[in-house]
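Report on one structure; see the data block that follows.
Keep in mind that what you see is a predicted model, and the values were worked out from it rather than measured.
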There are 2 protein chains.
Amino acid sequence: MNTYVTHGINLLRSKGFRITTARQQVLAILSETEAPLSPYDVVDYMSEKNQKTDAITVYRIFDCLEQNGLIHRILSSGKFVKCRIEAHTPHSQQQCCHHIAICDGCGTTREIHCHAPIHIPPIPDMIITGHRLELIGRCTSCQERFS
Amino acid sequence: MNTYVTHGINLLRSKGFRITTARQQVLAILSETEAPLSPYDVVDYMSEKNQKTDAITVYRIFDCLEQNGLIHRILSSGKFVKCRIEAHTPHSQQQCCHHIAICDGCGTTREIHCHAPIHIPPIPDMIITGHRLELIGRCTSCQERFS
DNA sequence: ATCATTGCAAACCGTTTGCAGCCTT
DNA sequence: AAGGCTGCAAACGGTTTGCAATGAT
């Protein structure tokens with residue numbers, strides 16, 4: 001039982017969610033995996049461990065975890081990764097924020113804590129309230145593998 | 001026949017694509033619409049004009065237009081908008097680029113030409129080669145409507 | 001005991017594929 | 001005339017919904 005799992009369990013419990021075995025198992029799998037996972041990826045992982053679950057259940061657990069800032073949804077792939085930075089604050093141009101960098105070789109992700117504001121030129125007739133940013137890159141091992 | 005449509009037609013022709021009526025009709029609809037459209041939205045629009053098309057055809061036309069930088073794909077919704085900025089260059093942190101701002105009230109979009117580099121702190125073990133950025137905001141009329 | 005959560009079935013939606021026929025070149 | 005493009009049919013994968021059974025509190 002690692003930090004991510006216990007943190008997740010405590011957070012969910014504090015908000016009145018029930019600590020079911022399915023939720024604990026999903027948290028455990030997320031904590032063991034660096035690459036983003038789809039709900040069906042999780043089902044496969046779990047069946048390898050002889051833990052039978054339905055994909056629908058994983059969908060609902062992912063919804064719950066996302067709403068509580070425990071996982072990131074990756075727009076470009078529809079998959080999810082654990083979120084280790086507790087303060088997941090949606091932000092304007094002035095606030096501190098964090099984003100995800102995705103390796104286009106292996107899909108591994110890194111979280112980025114970004115204190116510098118993103119500079120955006122004024123937009124006519126529109127007030128900006130937030131943004132979604134995904135960085136595409138290549139991790140060290142993929143740099144070696146593909147060079 | 002406006003600038004966007006003629007520009008699109010000329011670009012496609014110059015690359016050896018055929019100028020079919022379906023492609024011209026889709027370009028015309030894109031030029032008339034500020035909000036992002038799904039392929040099925042386009043089919044509906046066209047049937048209102050008594051122009052019958054198949055959604056599959058629109059999908060393929062969208063693919064073609066996207067590859068030629070004539071439309072943007074919006075990750076968060078899977079819809080598309082016309083792209084008026086010709087130089088649609090994927091970019092690193094140093095280059096000039098452009099992105100989309102989306103009104104969360106009505107879905108209208110604005111294109112942003114962004115010359116200032118986006119400042120990203122160094123990421124351990126990863127080289128950043130590109131990024132996807134979508135700005136969320138609220139346009140003037142929606143600010144009034146919802147206030 | 002209560003009620004949130006799970007799991008099965010089935011529907012749903014957006015998207016893709018194969019192939020014959022059409023239309024631009 | 002040639003071959004890119006269209007459109008129908010059908011399949012496909014991911015996601016959602018309804019409802020009864022289960023299990024955490």
State the CD-OG distance between B:Glu144 and B:Ser141, to the nearest 0.5 angstrom.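 With rounding to 0.5 Å, CD (B:Glu144) is 7.0 Å from OG (B:Ser141).
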
Going by number, which of residues 27-55 of chain B have a non-hydrogen atom under 4.0 Å from DNA chain D? B:Lys52, B:Thr53, B:Asp54

Using atom [atom1] of [X] as one end and atom [atom2] of [N] as the other, report the distance to the nearest whole Å.
X	N	atom1	atom2	answer
A:Leu65	C:dT6	CG	C1'	15 Å
B:Tyr59	C:dG14	OH	P	7 Å
A:Ile56	C:dC12	CD1	P	16 Å
B:Asp63	C:dT15	CG	P	10 Å
A:Arg60	C:dC8	CZ	C1'	10 Å

Starting at the 5' end of DNA chain C, which residue's closest nucleotide do you reach first, B:Phe80 or A:Ile61?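 Whichever sits nearer the 5' end wins; that is A:Ile61.
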
What residues form a side-chain hydrogen bond (donor to acceptor under 3.5 Å, both in side chains) with [X], not counting sequence neighbours?
X	value
A:Lys15	A:Asn68
B:Gln25	none
B:Ser76	B:Glu134

Quick one: how far along DNA chain D does chain B reach, first to last nucleotide 5' to 3', anything under 4.0 Å to a heavy atom?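 Terminal contacting nucleotides, 5' to 3': D:dG3 to D:dA9.
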
Please list all pairs meeting salt bridge (Lys or Arg N to Asp or Glu O under 4.0 Å) that have one or both residues in [range], counting only residues at least two apart or in different chains.
range	value
residues 21-33 of chain B	B:Glu32-B:Lys49
residues 33-46 of chain B	B:Glu34-B:Lys82, B:Glu34-B:Arg84, B:Asp41-B:Lys79
residues 98-110 of chain B	B:Asp104-B:Arg138

Tell me if the OH atom of A:Tyr45 is crowded by more than 12 foreign heavy atoms within 6.0 Å.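 Counting neighbours around OH of A:Tyr45, 12 or fewer heavy atoms of other residues, nucleotides or ligands fall under 6.0 Å, so no.
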
With a 3.5 Å distance limit and no angle check, can you tell me whether B:Thr6 reaches the backbone of B:Thr3 through a side-chain donor-acceptor pair? yes

Enumerate the protein-to-nucleotides 21-25 of chain C contacts in which both atoms are nitrogen or oxygen and the separation is below 3.5 Å.
residue	atom	partner	partner atom	Å
C:dT24	O2	B:Arg18	NH1	2.8
C:dT25	OP1	B:Ile19	N	3.0

With five pairs defining each end axis, the helix from C:dA1-D:dT25 to C:dT25-D:dA1 comes out bent, to 10°, by 40°

What pairs meet the side-chain hydrogen bond (donor to acceptor under 3.5 Å, both in side chains) rule with one or both residues in residues 54-65 of chain A, with sequence neighbours excluded?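 Listed by first then second residue: nothing to list.
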
Report the hydrophobic cluster partners of B:Ile74, with the cluster defined as I, L, V, M, F, W, Y residues connected by side-chain heavy atoms closer than 4.5 angstrom, directly or transitively. B:Val81, B:Ile100, B:Ile102

Could you tell me whether the side chain of A:Ile61 reaches within less than 4.5 Å of the side chain of A:Thr53, counting heavy atoms only?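 In short, these two side chains do not touch, never coming nearer than 4.5 Å.
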
Exercise: identify the closest heavy-atom pair between A:Ala28 and A:Val5: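 Closest approach of A:Ala28 to A:Val5, heavy atoms only: CA-CG2, 3.8 Å.
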
